[in-house]
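Below is one structure, written out as structure tokens; the observations come after it.
Each chain gets a letter, A, B and so on, in the order the sequences are listed, and its residues count up from 1.
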There are 4 protein chains.
Amino acid sequence: MVISINETSEVPIYQQIRNQIVLGISDGRLKPGEQLPTVRALAGEIGINSMTVNKAYVLLKQEGYIYTDRRNGAHVRKEFSEAKELSEKSKELLQQIISEAKICGMTQEEFLKICENMYKG
Amino acid sequence: MVISINETSEVPIYQQIRNQIVLGISDGRLKPGEQLPTVRALAGEIGINSMTVNKAYVLLKQEGYIYTDRRNGAHVRKEFSEAKELSEKSKELLQQIISEAKICGMTQEEFLKICENMYKG
Amino acid sequence: MVISINETSEVPIYQQIRNQIVLGISDGRLKPGEQLPTVRALAGEIGINSMTVNKAYVLLKQEGYIYTDRRNGAHVRKEFSEAKELSEKSKELLQQIISEAKICGMTQEEFLKICENMYKG
Amino acid sequence: MVISINETSEVPIYQQIRNQIVLGISDGRLKPGEQLPTVRALAGEIGINSMTVNKAYVLLKQEGYIYTDRRNGAHVRKEFSEAKELSEKSKELLQQIISEAKICGMTQEEFLKICENMYKG
DNA sequence: GTGGTCTAGACCACC
DNA sequence: GTGGTCTAGACCACC
């Protein structure tokens, strides 16, 4: 899986890495248990400092998406909790996005349609 | 409309102000054309620097939610473009939220249900 | 409150800082709401890199002991949740310590006496 | 006695082995003088490098929990010193745990109750 | 070889 | 002035 960084984005690089890996897990490009590139390998590939990649991995680990061990590097978690619950932060963001949708004239149906397409994607 | 700031939040204060005003517009607490408090008044009310409030208003203006004129201060826009299009940033965020929903075992139906409830809210 | 670092300890510096601040909170040397030294000030005082202090503060923030905001720096949390529950990690450590106490011939009463003294301290 | 390793734990594997053996000694599953599996046998059983098991045994020997001789392998120590004294490291850890207990609102009585239960366990 | 820790120094967003 | 992010480079514990 290729990680591509937008250097001009206001989103910190470590967050961009985190986001793309979460996306990869959700759409199946990264399989449960699959090994991620090593911190150094990914840093070299992207052309950034390994501390930045490390920070992304620490974050992913804290969020429960991956686990690391010194022997084998970082791996995608094998079984995810089926909590079926969005984080508080995500709920707030979703509410914010929906308020923007309403203001630009989108009906509920139109918004749900967009979500459906993203869900399938 | 009362603006309440969470000082310990990682969301910048100017962004919190912007978010709450957008929310107020979307749910009708702020009517089209309605006058917003002046920068100084709002800053005094919240107890923060007026530069911060100003930054929020500049952002809201750039995004087309309000307009300002020197005589009458800031007002909610009277007619919003019915673009029916989310910003690139919002689409990215939504995609990110959906990927998290999928990973925590939420079905499409369950996610859409949450959106519906927020839409009505 | 003075933070003193043991450079020869196997405990990472950022962890030592974290530990001493938690200790300070628990024994009242650090009051609720009290301001901690800035990252740079503490780093300069101890004679270490500010990234290391920053790491300690991030950890304390994650654990809910302090909060930070860009205006006023870091502060001790004002109200702690009365969860009355040790973390899993602490429970494991406590079990480990107790097993060592038992092996070196300490009775339950003797061990509880040590805990009492530490609690009062 | 079965040693089970948590590969995703932040606790080093050699430390996990050491901890479980100490636990086994303290609760009587490992008797004084009892023979421990050979380094190779235990490594094979767990599925890890024998250097790691060796490190755990060296540590246990240093701490006085086991003794080794070339002919018969490793054995649990027959008589433990009744020093009735915790190691400096354990005292520090205990102080740290107690400070966390105090902050989360636990009374001395509640904390001692937890210790009692662990002591009996 | 792997991730974890640390340094010295820099720039940035926020206020 | 504050914390947050990032770099280039180093050393260490673990395996």
Quiz item: Which part of the nucleic acid, if any, lies within reach of A/Asn54 when heavy atoms closer than 4.0 Å are counted: base, sugar-phosphate only, or nothing?
Solution: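 A/Asn54: base contact, heavy atoms under 4.0 Å.
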
Self-check item: Sugar-phosphate, base or nothing in reach of B/Ile48, heavy atoms under 4.0 Å
Solution: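 No contact.
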
Quiz item: Which comes earlier along DNA chain F counting from the 5' end, the contact point of A/Pro12 or that of C/Ala74, where each point is its nearest nucleotide?
Solution: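 On the 5' side of the pair lies C/Ala74.
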
Does any part of the side chain of [Y], heavy atoms only, come nearer than 4.5 Å to the side chain of [X], both counted from C-beta?
{"X": "B/Arg77", "Y": "B/Tyr65", "answer": "no"}
{"X": "D/Leu93", "Y": "C/Leu94", "answer": "no"}
{"X": "B/Ile46", "Y": "B/Leu42", "answer": "yes"}

Is the shortest side-chain N/O distance from [X] to OP1 or OP2 of [N] below 4.0 Å?
{"X": "A/Thr68", "N": "E/dG4", "value": "yes"}
{"X": "D/Lys55", "N": "F/dC14", "value": "yes"}
{"X": "A/Tyr57", "N": "E/dG3", "value": "no"}
{"X": "B/Tyr14", "N": "E/dC15", "value": "no"}
{"X": "C/Thr52", "N": "E/dT7", "value": "yes"}

Quiz item: For D/Lys61 and D/Thr68, which heavy atoms make the closest approach, and how far apart are they?
Solution: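 Heavy-atom minimum between the residues: NZ-OG1, 2.9 Å.
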
Take atom [atom1] of [X] and atom [atom2] of [N], then tell me their distance rounded to the nearest Å.
{"X": "C/Leu59", "N": "F/dG4", "atom1": "CG", "atom2": "C1'", "result": "16 Å"}
{"X": "B/Gln15", "N": "E/dA13", "atom1": "CD", "atom2": "C1'", "result": "12 Å"}
{"X": "B/Ile13", "N": "E/dA13", "atom1": "CD1", "atom2": "P", "result": "17 Å"}
{"X": "C/His75", "N": "F/dT2", "atom1": "NE2", "atom2": "P", "result": "11 Å"}
{"X": "C/Ile46", "N": "E/dT5", "atom1": "CD1", "atom2": "P", "result": "17 Å"}
{"X": "A/Glu7", "N": "E/dC11", "atom1": "CD", "atom2": "C1'", "result": "14 Å"}
{"X": "B/Asn49", "N": "E/dC15", "atom1": "CG", "atom2": "P", "result": "9 Å"}
{"X": "A/Arg18", "N": "F/dT5", "atom1": "CZ", "atom2": "C1'", "result": "17 Å"}

Self-check item: Nearest-nucleotide 5' precedence on DNA chain E, C/Gly47 against A/Gln35
Solution: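 Nearer the 5' end of the strand: A/Gln35.
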
Practice problem: Kindly indicate whether the side chain of C/Arg40 and the base of F/dG1 share any N or O donor-acceptor pair separated by less than 3.5 Å? | Solution: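 Per atom types, no contact qualifies.
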
Self-check item: Among F/dG4, E/dA8, F/dG9, the nucleotide that comes nearest once only the side chain of C/Lys61 is considered
Solution: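 For the C/Lys61 side chain, the nearest candidate turns out to be F/dG4.
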
Quiz item: Looking at the side chain of C/Thr38, which of F/dC14, E/dG4, F/dG3 is the nearest nucleotide?
Solution: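 Of F/dC14, E/dG4, F/dG3, F/dG3 is nearest to the side chain of C/Thr38.
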
Practice problem: Using Watson-Crick or G-U wobble geometry with both distances below 3.5 Å, tell me the partner of F/dC14, or none. | Solution: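 Answer to the pairing question: E/dG1, which forms a Watson-Crick or G-U pair with F/dC14.
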
Quiz item: Looking at B/Glu88 and B/Lys91, does any basic side-chain N land under 4.0 Å from a carboxylate oxygen?
Solution: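 Result for this pair is yes, salt bridge flagged.
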
Quiz item: Got a second to check how far B/Gln95's CD is from A/Ser26's OG, nearest 0.5 Å?
Solution: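 Separation between the atoms: 6.5 Å.
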
